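Some notes on the structure that comes next.
The structure presented is a predicted model; accordingly, all values stated were derived computationally and were not measured. So you know, we letter chains A, B, ... as the sequences are listed, proteins then strands, and number each from 1.
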Amino acid sequence: MTAASAPAPPAGPSPDGAGTFRDRLRGAFATALTGAAADGALPVAAADIPALVDQVRETADAKFGDYSATLAMGLAKKAGRKPRDVAIEVATRLPTAPGFEATFTPPGDPVGPGFINVRVRDDALAAAISAAFRDPRLGVPKVAAPATIVIDFSSPNVAKPMHVGHIRSTVIGDAVARILSFRGHRIITDNHLGDWGTQFGMIIWGWKHCRDDAAFAADPTAELGRLYRLVRRVADAKPEDLAADPQAAALAARHPAAGREVLEETAKLHAGDAENRALWERFMPACLADIERLYGRLGVSFDHWLGESFFQPFLADVVADLERRGLARESRGATGIFLDGDDKPPFLVRKADGAFLYATTDLATIRWRLEHWKPDRILYVVDHRQGQHFDQLFKTAGLWGVPGLDRVALVHVAFGTVLGDDGKPFKTRSGDTVGLESLLDEGVERAGAVIAADEGLAEEERRRVAETVGIGAIKYADLCQNRTTDYVFSYDKMLELKGNTAAYMQYAVARVEGVLEKGGIDREALRSAPPAIVPVDPRERALALAILRFGEVLEDVEADYRPNLLTTWLYDLAGRYSAFYDALPILKAAEPERGSRLALADLTGRVLRKGLDLLGIGTVRRM
RNA sequence: GCGUCCGUAGCUCAAUUGGAUAGAGCAUCGGUCUUCGGAACCGAGGGUUGCAGGUUCGAGUCCUGCCGGGCGUACCA
């Protein structure tokens, strides 16, 4: 079992015309290295070859060619030879690999300490663009070995309205699901709702002691959210909170044991108490309707909604099984697994009052998923602050001995916190957490103001465009950042029309639409009779090469579950298109350039749209 | 205290996981144009990558020690 990181995705390098350029080149390097090893020219074990060909990458600078290999430098030490000699040894064998010469120009002398630089042949580039142009997958190959991957994301606490804290898990998880699915994996998305924990004890206690029936009738989730916040203060009974909240202070004075009573309400719910169970069943539909409306607006959906309550029947057995195997034991009245010695905090699976914890649920969930879905990987798209929990969870699972655990990769896809411009967690001016709904509303409203300058849009269309641009901006701002770092939330930055933003990309798509519309081009006809591709200008070549990196980028995204690699590439692609479009006439050009450029423009538009779609971001024809 | 992540241009962030001269946007300054959508394109200035050592062909990235911060740390999730 791999707890910390994902297994390398199947590279599937093939030397013979299929796959991305990088795949083909890696295949050729594998052939060359295998040959060198067989001749005894280089000390290369077959098992080392995948890691070595991994060092074949896009060049940092176009002047070095299109792809570059750095493997000679590392190999030189093992071989006891000069890096340049090793590079020459490998490079001279490349042209003998099947299909190499049809796709690449033979590498020249190694550069610097031993870089092997390779350039794609222009005719191979043109052929690949033609193929991508006709391909519904836009030239992106499917993985050779599809995996079954469970993605656990969003997972809101249903007792309170969704807020800004849910956005990253939802947006990143959805994008990862879309990308891996397009890559050809079997994806199972599961919304592991928090629908059974102490938060329900709080709202049940609140319901019994301080509910507002009229408010509940008018807006159930708002009233439940109010109860949750209020009872939380009462139960925690922190002096500074109570000082700021007279109502909570009064309640706390009347109910000094509120904290214990909340836990008792939770325990009663878990024990099957009829009254609490009925309340839970009454609250749930309203909670679910609320969050489903938000998912609809975000364009996010799930295959399953197996929340904590679903796994409740299995929890006692999980603990019993852990005890039977000698993993879990009693301590201070609770039950836990001591993973790091007796003096370190254990991984608790049962509290002293007998109630179970989310650790218990997570273990039961793993077992259930293994039994029913037989996944190769389970991804948890969850806040980095829960890193320690997942360390302990994965460690415990590794010791557990449930069938299938030895061959599943459990991965915590962690992400940073959303901050306000003061560098602290994003809050409203009054210090409350920001509701997701109002966050989206403000984004859409501001987007509306930005696009208001366009005179040609009818009111109805303008609203639709504002929704697409506003929500796209919020999602993109999140996805374009390295997911492991915290990021500062700023409407002004995310709605910039230049730079690495959704609006810039959406605008690039709309410009492509504009050109084709202006030229009266029938895109279906264009695609059924594709024009010859003649990339004569360096800017055309750069654009074509970028388009064909789509599949490589998606592979890189999967390797570390990093959607920001996709946004970076999309921004680069849109920039190359702008440079191309600015410098070279399309409609006014003579054949064969006209047809070639029309095809490049159309293909760029489709690739940009597909790339944004894989991020869960929509596009518009006009904006 | 222990664990963990981070410190990169004035600001917000990248950097293909050890590769070639550390890149973008905003802001500042300058240029292009008889607009296929100028919401564009091209360019300039701006850096001792927190500090000090070390490892090697090569370090923002790995190791050690400091300085400064975020987060987590027994019965919430």
Measure from the side chain of [X], starting at C-beta and using heavy atoms only, and say which of [options] lies closest.
X	options	answer
Ala60(A)	rA20(B), rG19(B), rA14(B)	rA20(B)
Gln386(A)	rA77(B), rG19(B), rG72(B)	rA77(B)
Ile586(A)	rG37(B), rA74(B), rC36(B)	rC36(B)
Tyr504(A)	rA24(B), rC41(B), rC13(B)	rC41(B)
Thr198(A)	rA15(B), rA77(B), rC36(B)	rA77(B)
Lys344(A)	rC2(B), rG38(B), rA20(B)	rC2(B)
Lys493(A)	rA77(B), rU12(B), rC57(B)	rU12(B)
Leu357(A)	rC36(B), rA20(B), rA77(B)	rA77(B)

With ring centroids as reference points, do Trp196(A) and Phe310(A) lie under 6.0 angstrom apart?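 No, the ring centres sit 6.0 Å or more apart.
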Assert yes or no for the condition that the ring centre distance of Phe390(A) to Tyr380(A) is strictly below 6.0 Å.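 Under 6.0 Å, so yes.
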Going 5' to 3' through nucleotides 4-9 of chain B, assign each nucleotide B (protein heavy atom under 4.0 Å from a base atom), S (under 4.0 Å only from sugar-phosphate atoms) or - (no protein heavy atom that close). ------
For a side chain to side chain donor-acceptor pair (under 3.5 Å) with Tyr358(A), tell me which candidate from His389(A), His192(A), Glu308(A) qualifies.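 Result for side chain to side chain donor-acceptor pair (under 3.5 Å) with Tyr358(A): His389(A).
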Would Arg329(A) pass as a cation-pi partner of Phe338(A), given that its NZ or CZ must be under 6.0 Å from the six-membered ring centre and within 45 degrees of the axis?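 Pair Arg329(A)/Phe338(A) counts as cation-pi.
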Nearest-angstrom distance, P atom, rG54(B) to rU61(B):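 Those two atoms are separated by 14 Å.
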Do [X] and [N] share a donor-acceptor pair, side chain to base, under 3.5 Å?
X	N	value
Ser68(A)	rA20(B)	yes
Asp572(A)	rA24(B)	no
Thr361(A)	rA77(B)	no

Would you call the rings of Tyr504(A) and Tyr571(A) parallel, tilted or perpendicular if under 30° counts as parallel and over 60° as perpendicular?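 It falls in the perpendicular class, over 60°.
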Over all atoms of both residues, closest heavy-atom pair of Arg597(A) and Ala589(A):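 The pair with the smallest heavy-atom distance is NH1-CB, 3.7 Å.
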Verify the stacking flag for Tyr571(A) against rA24(B): centroid separation must be under 5.5 angstrom and the ring planes must differ by under 30 degrees.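 A stacking contact does not exist, since Tyr571(A) is not both close and nearly parallel to the base ring of rA24(B).
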